[in-house]
Structures are given as structure tokens and as C-alpha cells.
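As the structure lists them, so they are numbered: ligands from 1, and atoms in each ligand from 1. All values below come from the heavy atoms of this structure, side chains included, with hydrogens, waters and symmetry mates left out.
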Amino acid sequence: MATIRDVADLANVSIATVSRVLNESGYVSPELDQRVRQAIATLGYRRNALARNLRRNESLTVGVLIPDSSNPFFAEVAKGIEEICFSQGYTVVLCNTDENSQKAASYLSSLYQQRVAGFVVVTTEKLQEHIRQSLDDDFPIVIVDRAVSNLDMDSVVSDNYGGARQAVEHLISLGHRRIGFVVGEKELETIRSRWSGAVDAMHGAGIGVDQRLVYSKVDYLPGSGYAATESLLSQHTPPTAIFAFNDLMALGVLNYAQSHGTAVPEQLSVVGFDDILIASYAVPSLTTIAQPKYELGRTVAEILLQRIQGHRGERVNLVLPTQLVVRNSTARPMD
Ligand code: RIB
């Protein structure tokens with residue numbers, strides 16, 4: 001019996017394109033549409049609803065792809081996913097992609113061949129392209145934490161814009177005007193949203209952003225925060241505060257300050273983002289923006305399992321609130 005993959009191979013298109021023709025959903029050029037329909041006729045392909053249903057129900061395994069399993073942020077999100085999946089009889093296969101889209105694509109294809117029931121993915125632009133090309137349009141896959149622009153899939157993210165805006169407004173309310181930023185790659189929607197919130201807070205207070213105080217080449221790990229602080233504090237007029245776009249980098253900022261005699265918060269205020277467990281145990285304890293990490297995981301897993309079990313409702317794109325947590329790493333700047 002011909003399969004959808006046979007049709008795709010004969011028509012020389014992706015499975016996703018064949019799926020779009022079969023579902024008459026999404027755009028397919030007349031030329032490709034004709035090639036697919038010709039291949040369907042030649043092979044005598046018939047959609048096998050039973051096989052499709054079997055695929056989903058047969059496998060009680062869910063693939064979860066996260067960029068860095070050593071980062072406590074993702075560990076807490078994965079814990080929420082795993083608890084919901086386990087409670088409904090599903091096994092989670094956790095894949096660490098090392099912030100590498102090719103490795104992520106390889107995991108997706110491999111687990112898809114092994115007939116997982118669905119995926120939770122922290123995605124990127126490149127990975128979305130691979131998903132569109134390689135997976136059935138209606139295959140259960142939901143996005144958590146890092147969405148992308150024009151996303152046409154279910155997703156659950158934090159209010160990155162609001163959280164970053166709150167972080168900078170907090171520093172401004174203390175009297176800081178020269179604020180340094182340790183940001184990520186602007187390709188990530190998450191980072192673009194945080195940057196937009198930070199800039200709006202600065203402009204809202206009539207403060208311009210000094211590009212010499214923006215450090216972007218980072219890997220979201222403490223070493224980036226350490227290197228960024230070395231660069232920012234070496235400026236002719238250094239910042240009196242630094243906002244790092246995640247807690248691990250903020251810990252690197254603290255480490256540099258403390259190992260170079262800069263008192264935090266007296267001489268330098270520091271704010272992070274995530275509120276991972278260790279943030280409250282840092283010395284001084286880290287002021288940060290709390291993401292609902294465990295809730296992100298539980299919520300996205302609930303959506304995925306509903307899709308696996310056949311729920312065909314409208315697409316869901318949820319934004320969960322973040323919260324400023326003021327601790328001991330921020331204070332008024334020295335006069
Ligand atoms: O710490 C990892 C960062 O990247 C977090 O802020 C999270 O939102 C992820 O996207």
C-alpha cells in the first residue's frame with residue numbers, strides 16, 4: 001500500500017506539501033499541486049486514517065527538544081512537561097540540542113521515524129523550516145519558550161517584552177541612567193521582545209540607549225556575563241547597572257564584579273531574567289524577572305496531549321505573565 005512518503009518521493013516534494021494538498025490547507029503552487037495529484041493517482045494512494053490514528057495512539061512517547069539541558073531554566077520547564085505527560089501515561093524523551101538547529105532537526109527526524117506521538121520544541125527560524133519540510137502538517141508539535149515570527153503552530157511563551165520593560169523600569173526608578181545590557185542574538189523572537197521592552201522603558205524615561213553599553217555576542221552562559229562585564233566596565237563612563245537577559249549570564253556579571261573589586265549593589269546594580277532556583281542563593285541575591293517555568297512546561301504539555309488525542313480546535317498561542325523579583329543586587333547608584 002502506497003504511503004504519503006511514497007507520494008512525496010514520486011512527486012519530489014516534502015511530506016508537508018503532500019499533506020497540504022490532501023488537506024487543501026495552506027498554499028501549494030499549481031505546478032506542485034498537479035505533481036502531487038498525479039503521483040497520488042499513479043500510486044493509487046489512499047489516506048489511511050487508521051494507520052494515522054494508530055501512529056499517534058500506538059506510541060505513548062513524546063519528544064521534548066530543549067537548547068541546553070544544563071541550564072536550570074530548561075530543566076524546570078522540562079519538569080512541568082514530564083509531570084503532565086507521565087500523569088497521562090506518556091513517556092518523555094528529552095533531547096539536548098546544544099543551541100544547534102541541525103542537531104535539533106536530526107533529533108526531530110529520528111524520533112519522527114520512531115513514531116513518537118508528538119513533540120514539544122524550543123524552536124528557531126531554521127528549525128521551523130525543517131518542521132515545515134519534513135513533518136505532516138497535522139502532526140502534533142507545540143512550541144514552548146522561544147517562538148518565531150509568523151508562527152503557525154500552538155505555542156506557550158512568557159511575556160518577554162513586559163518582563164524586560166519591568167526590569168529596566170526598576171533600575172530607572174532607583175535612579176540609574178547609564179544601564180548596560182547583556183543580550184542574546186536578535187534572531188531569537190524571545191530576545192527581540194526583551195530588547196524591545198528594555199528600549200521602550202529607556203525611551204519612556206527620556207534616556208537614549210548607548211550602543212557602547214550593549215553586549216550581544218553571548219551563549220546565555222555565565223562566561224558571557226563575565227566577558228560582557230569586563231567590556232562594559234572598561235568604558236570611559238561605565239554603566240552603574242547591568243541588565244543581563246538571563247540569570248546564568250547575570251551570575252557571570254556578579255562573578256566578574258566580585259573578583260575585580262566592584263561592590264554589588266553599591267557600585268553596580270545587576271538584574272537577571274528567569275529566576276532560576278540559584279538566583280535567590282547568589283551573594284548578593286539576584287534581582288531578576290521570574291518566568292513561570294514549571295507552568296510553561298505543564299501548559300504546553302496539556303496542549304500537546306490534547307492534540308495527540310485528536311482535539312482539532314483553533315490554534316492556541318499563550319503568553320504567561322512574568323514578575324519582577326527584587327532582591328539584594330540592585331540599589332540606588334552612588335552619587
Ligand atoms: O536561560 C535561557 C534563556 O533562554 C531563558 O531566558 C529562556 O527564556 C530561554 O529562551
Side-chain angles (χ1 to χ4, degrees), residues 64-81 94-101 104 120-128 142-149 151 155-168 181-198 215-226 228 242-255 270-280 282 286-300 317-325:
V64 176
L65 274 65
I66 57 174
D68 178 1
S69 53
S70 70
N71 183 329
F73 169 84
F74 294 114
E76 272 197 67
V77 173
K79 180 176 168 62
I81 295 169
L94 184 63
C95 305
N96 171 49
T97 66
D98 281 334
E99 301 275 4
N100 178 317
S101 296
V120 176
V121 173
V122 177
T123 198
T124 64
E125 304 283 354
K126 284 185 195 148
L127 195 50
Q128 286 305 109
V142 295
I143 304 300
V144 70
D145 174 51
R146 291 181 188 169
V148 291
S149 38
L151 184 69
S155 64
V156 183
V157 301
S158 292
D159 179 9
N160 291 295
Y161 172 88
R165 181 162 187 155
Q166 251 195 319
V168 176
F181 297 92
V182 185
V183 305
E185 301 302 325
K186 299 278 176 41
E187 285 71 45
L188 282 180
E189 179 79 10
T190 303
I191 299 304
R192 285 200 299 270
S193 300
R194 290 182 196 172
W195 181 242
S196 175
Y215 190 95
S216 298
K217 296 304 286 176
V218 300
D219 60 5
Y220 306 104
L221 297 173
S224 293
Y226 187 97
I242 291 178
F243 172 28
F245 276 23
N246 83 336
D247 286 351
L248 290 183
M249 294 194 291
L251 294 176
V253 175
L254 290 180
N255 184 256
V270 181
V271 180
F273 202 111
D274 291 347
D275 196 21
I276 57 177
L277 185 63
I278 199 169
S280 58
L286 183 65
T287 294
T288 186
I289 297 298
Q291 292 204 62
K293 300 166 286 296
Y294 182 66
E295 204 50 41
L296 281 168
R298 289 179 61 88
T299 306
V300 77
N317 298 113
L318 297 180
V319 180
L320 303 188
T322 52
Q323 185 183 0
L324 172 66
V325 180

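- Closer than 4.0 angstrom to ligand 1 lie heavy atoms from Asn71, Phe73, Phe74, Asp145, Arg146, Arg194, Phe245, Asn246, Asp274, Gln291.
- Residues satisfying the salt bridge (Lys or Arg N to Asp or Glu O under 4.0 Å) test with Glu76, not counting sequence neighbours, are none.
- No side-chain donor from either of Asn160 and Ser158 sits under 3.5 Å from a side-chain acceptor of the other.
- Shortest non-hydrogen contact noted between Leu296 and Val157 is CD2-C, 3.6 Å.
- For the ring-ring contact (aromatic ring centres under 6.0 Å, His included) test, residues two or more places apart in sequence or in another chain that qualify with Phe181 are Trp195.
- Tested against Val144, the residues Leu65, Val121, Val120 include a single side-chain contact (heavy atoms from CB on, under 4.5 Å) partner, Val120.
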Identify every side-chain donor-acceptor pair in residues 318-325 under 3.5 Å, counting partners at least two apart or on other chains, and give the distances.
residue : atom : partner : partner atom : Å
Thr322  : OG1  : Asp159  : O            : 3.4
Thr322  : OG1  : Gly163  : N            : 3.4

